[in-house]
Amino acid sequence: MSNNVYAEINLHFVWHVKGNLPLISKTIEPHLYRFLRSYSLRTEDLVFHQAGGTENHIHIAVTVPPTLSIAEWIGKLKGASSHYVNHKLVNHKMLEWQRGYGVVSFGTKNLHWVINYIRNQKEHHRKRTAIERLEGIANVAAG
């Protein structure tokens, strides 16, 4: 690939716990978010902006390089994060992610808004101000 590439590929991801179960406790949550960030930053030229969510789903915002295979990358991130929770945090199989994910691209001028949306997930869900487009994923209940 040419060294003369300019790209602004900003992505918002969402995925749920299998069965939509409320397994992301206040104890697990900060460790999980730190893991998502540190694992993501192993990807060359990726910028990690924010992680957030509720007890049954995760949101992240990242800027990715144009060479990244999105499906492969998110699959590895989900697998590594559930392995981390199950083997390093709780020492038994507790957390499984549903199959699939939602992904929406957004412009750099909306980055601050998307980060704030992710940071305030619990409030959005409590007040029912969540934005369907950023929450959506097909077959959530199917696991």
Side-chain angles (χ1 to χ4, degrees), residues 1 5-143:
M1 184 169 158
V5 174
Y6 173 78
E8 286 184 21
I9 306 170
N10 304 303
L11 301 174
H12 169 273
F13 288 92
V14 61
W15 67 91
H16 288 250
V17 173
K18 187 172 184 177
N20 229 14
L21 298 172
L23 299 178
I24 304 170
S25 68
K26 290 180 181 180
T27 305
I28 290 173
E29 184 181 57
H31 299 285
L32 176 57
Y33 294 166
R34 274 194 300 277
F35 178 85
L36 292 169
R37 178 182 177 77
S38 67
Y39 187 90
S40 296
L41 290 173
R42 295 179 194 168
T43 302
E44 188 175 352
D45 296 328
L46 182 140
V47 178
F48 188 93
H49 298 290
Q50 188 66 46
T54 68
E55 52 281 329
N56 68 358
H57 72 280
I58 297 288
H59 292 256
I60 64 169
V62 294
T63 300
V64 300
T67 55
L68 185 78
S69 167
I70 294 169
E72 182 180 322
W73 181 80
I74 196 67
K76 287 179 180 178
L77 178 64
K78 288 172 60 183
S81 62
S82 64
H83 184 271
Y84 169 75
V85 169
N86 293 335
H87 295 279
K88 302 290 185 189
L89 290 182
V90 298
N91 206 23
H92 64 37
K93 186 173 182 176
M94 179 201 82
L95 178 65
E96 265 187 276
W97 300 120
Q98 71 167 80
R99 294 176 58 190
Y101 58 92
V103 61
V104 175
S105 63
F106 60 92
T108 301
K109 70 178 183 174
N110 291 318
L111 180 58
H112 184 70
W113 181 88
V114 172
I115 288 170
N116 283 332
Y117 181 78
I118 292 172
R119 279 186 186 144
N120 296 303
Q121 272 297 291
K122 289 177 184 65
E123 182 179 341
H124 286 300
H125 286 274
R126 185 173 41 78
K127 291 183 174 180
R128 300 184 189 271
T129 57
I131 297 172
E132 188 175 335
R133 181 170 176 259
L134 297 180
E135 299 290 334
I137 179 166
N139 300 320
V140 169

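Note that the structure is a prediction, hence the values are computed from the model and not measured. What you see below is based on every heavy atom in this structure, not just the backbone, and it leaves out hydrogens, waters and symmetry mates.
- The heavy-atom pair separating H49 from T63 by the smallest distance is NE2-OG1, 2.6 Å.
- Proximity of L32 to I58: side-chain heavy atoms (C-beta onward) are separated by under 4.5 Å at one or more points.
- Distance CG/L41 to CG/L36: 10.5 Å, rounded to 0.5 Å.
- Residue H92 places its NE2 atom among more than 12 non-hydrogen atoms of other residues, nucleotides or ligands, all under 6.0 Å distant.
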Apply side chain to side chain contact (heavy atoms under 4.5 Å, CB included) to residues H31 and Y84 and explain how you reach the verdict.
CA-CA 9 Å; H31 299 285; Y84 169 75; 3.8 Å; yes
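- Counting all heavy atoms, side chain and backbone alike, Y39 lies closest to A80 at CE1-CB, 3.5 Å.
- Tested against I60, the residues V14, L11, L77 include a single side chain to side chain contact (heavy atoms under 4.5 Å, CB included) partner, L77.
- Within the structure, the salt bridge (Lys or Arg N to Asp or Glu O under 4.0 Å) test picks out no pair touching residues 104-118 (sequence neighbours left out).
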Residues F35, V85; criterion side chain to side chain contact (heavy atoms under 4.5 Å, CB included); working and verdict:
CA-CA 9 Å; F35 178 85; V85 169; over 6 Å; no
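- Distance check, rounded to the nearest 0.5 Å: CG of L46 to OG1 of T67 gives 10.0 Å.
- To the nearest 0.5 angstrom, W15 atom CH2 is 13.5 Å from N56 atom CG.
- In plain terms, the two heavy atoms of V114 and A61 that are nearest each other are CG1-CB, 4.1 Å.
- Residue E96 holds its CD atom at 8.0 Å from CG of N86, rounded to the nearest 0.5 Å.
- Residues Y33 and T54 share a closest heavy-atom pair of OH-N, 4.4 Å.
- Residues Y101 and V103 come closest through the heavy atom pair CE1-CG1, 3.8 Å.
- Every pair tested for salt bridge (Lys or Arg N to Asp or Glu O under 4.0 Å) that includes a residue from residues 35-46 fails, sequence neighbours excluded, so the list is empty.
- The aromatic rings of H57 and H59 sit perpendicular, their planes meeting at an angle over 60°, well past the 30° parallel limit.
- Within the model, atoms CD1 of I28 and CD of E55 stand 12.0 Å from one another, a figure rounded to the nearest 0.5 Å.
- Evaluation of the side-chain hydrogen bond (donor to acceptor under 3.5 Å, both in side chains) test over residues 72-83, restricted to residues two or more places apart or in two chains, returns T43-W73, E72-K76, S81-W97.
- I24 contributes atom CD1, which lies 6.0 Å from atom CG of L95 (distance to the nearest 0.5 angstrom).
- L23 and M94 get closest at one heavy-atom pair: CD1-O, 3.3 Å.
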